[in-house]
Protein chains: 2
Amino acid sequence: MTVTEITEFLNAHDIKPSYQRIKVYECLINQGNHMTVESIYRELIATIPTLSKTTIYNTLKIFEDHHILNVINLNGNEMRYDLILDEHGHFQCKICQEIFDFPIQEPRIQIEQINGFKIEERNVFLKGICKDCLEKQ
Amino acid sequence: MTVTEITEFLNAHDIKPSYQRIKVYECLINQGNHMTVESIYRELIATIPTLSKTTIYNTLKIFEDHHILNVINLNGNEMRYDLILDEHGHFQCKICQEIFDFPIQEPRIQIEQINGFKIEERNVFLKGICKDCLEKQ
DNA sequence: GTATCTGCAAAACATTTGCAATTCT
DNA sequence: AGAATTGCAAATGTTTTGCAGATAC
């Protein structure tokens, strides 16, 4: 995705495409999902030496409000941020702590059980032991 | 569940049944799921005036380590604690913020997609608008 | 020229840690 | 007495807030 395309995308979602916002969005695309404010900061501080974490927080909040970003919290530590691209779940290994994405193809999880409720977001979060760590045991 | 039963239950899980631990467990049973440290504290401080939040944190950590409690974090604020009774998901209303439980009867969420991974815990967290808030709109 | 955006510094808040006092056996 | 538990106070780490300076239209 080029800078021009990001600019158009942000405009289309009523987000003014400032330099910082474009860079944060670019970072989320290039670095993949479940980034933290800290990891975004570390990634961008070389390019934007004056960048503050407050701006990252502000930007992510705006992205969330405009529904182009999902915010999740897997373990009670830092918040993690996912661009809304495809619907996927998260698996975190209890040993190496790494987070893996996996597709959710089952569109309804007994949603009819919750009668009259409007469901707008779904998060599926699994914990266990990943293949590599299992083999090391 | 009587105090005697809780005592036996904790003993059976290799947890020494101190007064505070019994009271915290009792609170989790009586007040239902997704309680926070703060809400447990407010509930118990009348009964145990010397109670500290550190003890609640300690106790919940022990319960978690001994697999009688699940810890979840829905919104990045406080952690929430669920006794492991039946498997259920959580639905949080974006308007009134209330959290509802719902049963998960579908045992596998495309788990075969994650080949060779050992899945030990599953959390399903939905967000949307609850019936009451929908009707008020 | 006015409104918006940025970013520093301080505040807020949940959780963890160190350690001394207490309790239990 | 000895070991485990409790709880106060301080530290930690993430996120939020207030506000002044910078930027954009």
Side-chain angles (χ1 to χ4, degrees), chain A residues 3 6-8 10-11 13-27 34-66 68-82 97 99, chain B residues 3 6-7 10-11 13-27 34-66 69-82 97 99:
Chain A
V3 171
I6 294 174
T7 305
E8 284 167 8
L10 294 180
N11 271 321
H13 288 84
D14 289 318
I15 301 167
K16 290 197 180 169
S18 77
Y19 179 63
Q20 284 85 342
R21 289 172 186 173
I22 290 169
K23 282 295 173 191
V24 168
Y25 192 88
E26 201 172 45
C27 182
H34 34 78
M35 292 198 84
T36 64
V37 167
E38 179 64 29
S39 65
I40 295 169
Y41 181 79
R42 279 204 305 270
E43 189 66 27
L44 291 183
I45 193 63
T47 318
I48 320 171
T50 61
L51 182 67
S52 84
K53 285 184 186 172
T54 304
T55 299
I56 300 176
Y57 280 109
N58 287 339
T59 299
L60 294 170
K61 181 73 166 58
I62 290 168
F63 287 0
E64 191 192 353
D65 289 346
H66 288 76
I68 65 170
L69 189 77
N70 270 337
V71 185
I72 54 167
N73 188 300
L74 299 188
N75 55 3
N77 269 357
E78 313 153 284
M79 310 292 296
R80 290 177 179 275
Y81 301 87
D82 283 4
Q97 307 298 323
I99 297 164
Chain B
V3 171
I6 295 173
T7 305
L10 293 181
N11 271 322
H13 287 84
D14 289 320
I15 301 167
K16 291 200 179 168
S18 76
Y19 179 64
Q20 284 86 342
R21 288 172 187 173
I22 291 168
K23 282 296 174 192
V24 168
Y25 192 88
E26 201 172 46
C27 182
H34 34 77
M35 292 198 84
T36 65
V37 168
E38 179 65 29
S39 65
I40 295 169
Y41 181 79
R42 279 203 306 268
E43 189 67 25
L44 292 183
I45 193 63
T47 317
I48 320 170
T50 61
L51 183 68
S52 84
K53 284 185 186 173
T54 304
T55 299
I56 300 176
Y57 280 109
N58 287 340
T59 299
L60 294 170
K61 181 71 166 56
I62 289 169
F63 286 1
E64 191 192 355
D65 289 346
H66 289 75
L69 189 76
N70 271 336
V71 186
I72 54 167
N73 187 300
L74 299 187
N75 54 4
N77 270 356
E78 313 153 284
M79 310 292 295
R80 291 177 179 274
Y81 300 88
D82 284 4
Q97 306 298 324
I99 296 164

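Taking each heavy atom of A:Thr7 and A:Pro17 in turn, the nearest pair found is CG2-CG, 3.7 Å. Counting all heavy atoms, side chain and backbone alike, A:His34 lies closest to A:Asp82 at N-OD1, 2.7 Å.
Heavy-atom contacts of chain A under 4.0 Å fall on DNA chain D between two terminal nucleotides, which in 5' to 3' order are D:dT14 to D:dT17.
Counting non-hydrogen atoms under 4.0 angstrom, B:Thr50 reaches the backbone sugars and phosphates but no base.
Straight-line distance from the CD atom of A:Gln20 to the C1' atom of C:dT4: 12 Å, rounded to whole Å. We find that CD1 of A:Ile56 is positioned 12 Å from C1' of C:dT6, with the value rounded to whole Å. A:Lys16 places its NZ atom 5 Å from the P atom of C:dC5, with the value rounded to the nearest Å. Regarding A:Leu60, its CG atom lies at a distance of 15 Å from the P atom of C:dC5, rounded to whole Å.
Partners of B:His66 by ring pair (Phe, Tyr, Trp, His ring centres under 6.0 Å), not counting sequence neighbours: none found. A search for side-chain hydrogen bond (donor to acceptor under 3.5 Å, both in side chains) contacts involving A:Asp65 returns A:Lys61, not counting sequence neighbours. By the side-chain hydrogen bond (donor to acceptor under 3.5 Å, both in side chains) test, B:Glu78 is found to be paired with no residue, residues two or more places apart in sequence or in another chain being considered.
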*Reading nucleotides 11-25 of chain C from the 5' end, what letters show protein touch, with B for base, S for backbone sugar-phosphate only, - for no heavy atom under 4.0 Å?*
---SBBB--------
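Residue A:Thr55 has a polar side-chain atom (N or O) positioned under 4.0 Å from OP1 or OP2 of C:dG7.
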Ignoring hydrogens and angles, write down the donor-acceptor pairs under 3.5 Å from the side chains of residues 39-52 of chain B, residues two or more places apart or on other chains.
unit_1  : atom_1 : unit_2  : atom_2 : d
B:Ser39 : OG     : B:Thr36 : N      : 2.9
B:Ser39 : OG     : B:Thr36 : O      : 3.0
B:Ser39 : OG     : B:Thr36 : OG1    : 3.3
B:Arg42 : NH1    : B:Glu38 : OE2    : 3.4
B:Glu43 : OE2    : B:Gln31 : NE2    : 3.2
B:Ser52 : OG     : B:Thr54 : N      : 3.3
B:Ser52 : OG     : B:Thr55 : N      : 3.3
B:Ser52 : OG     : B:Thr55 : OG1    : 3.4

*Under the side-chain contact (heavy atoms from CB on, under 4.5 Å) rule, what do B:Lys16 and B:Arg21 come out as? Steps first, then yes or no, please.*
CA-CA 8 Å; B:Lys16 291 200 179 168; B:Arg21 288 172 187 173; 3.6 Å; yes
*Yes or no on side-chain contact (heavy atoms from CB on, under 4.5 Å) for B:Leu74 and B:Arg80, after CA distance, side-chain angles and deciding distance?*
CA-CA 8 Å; B:Leu74 299 187; B:Arg80 291 177 179 274; 4.2 Å; yes
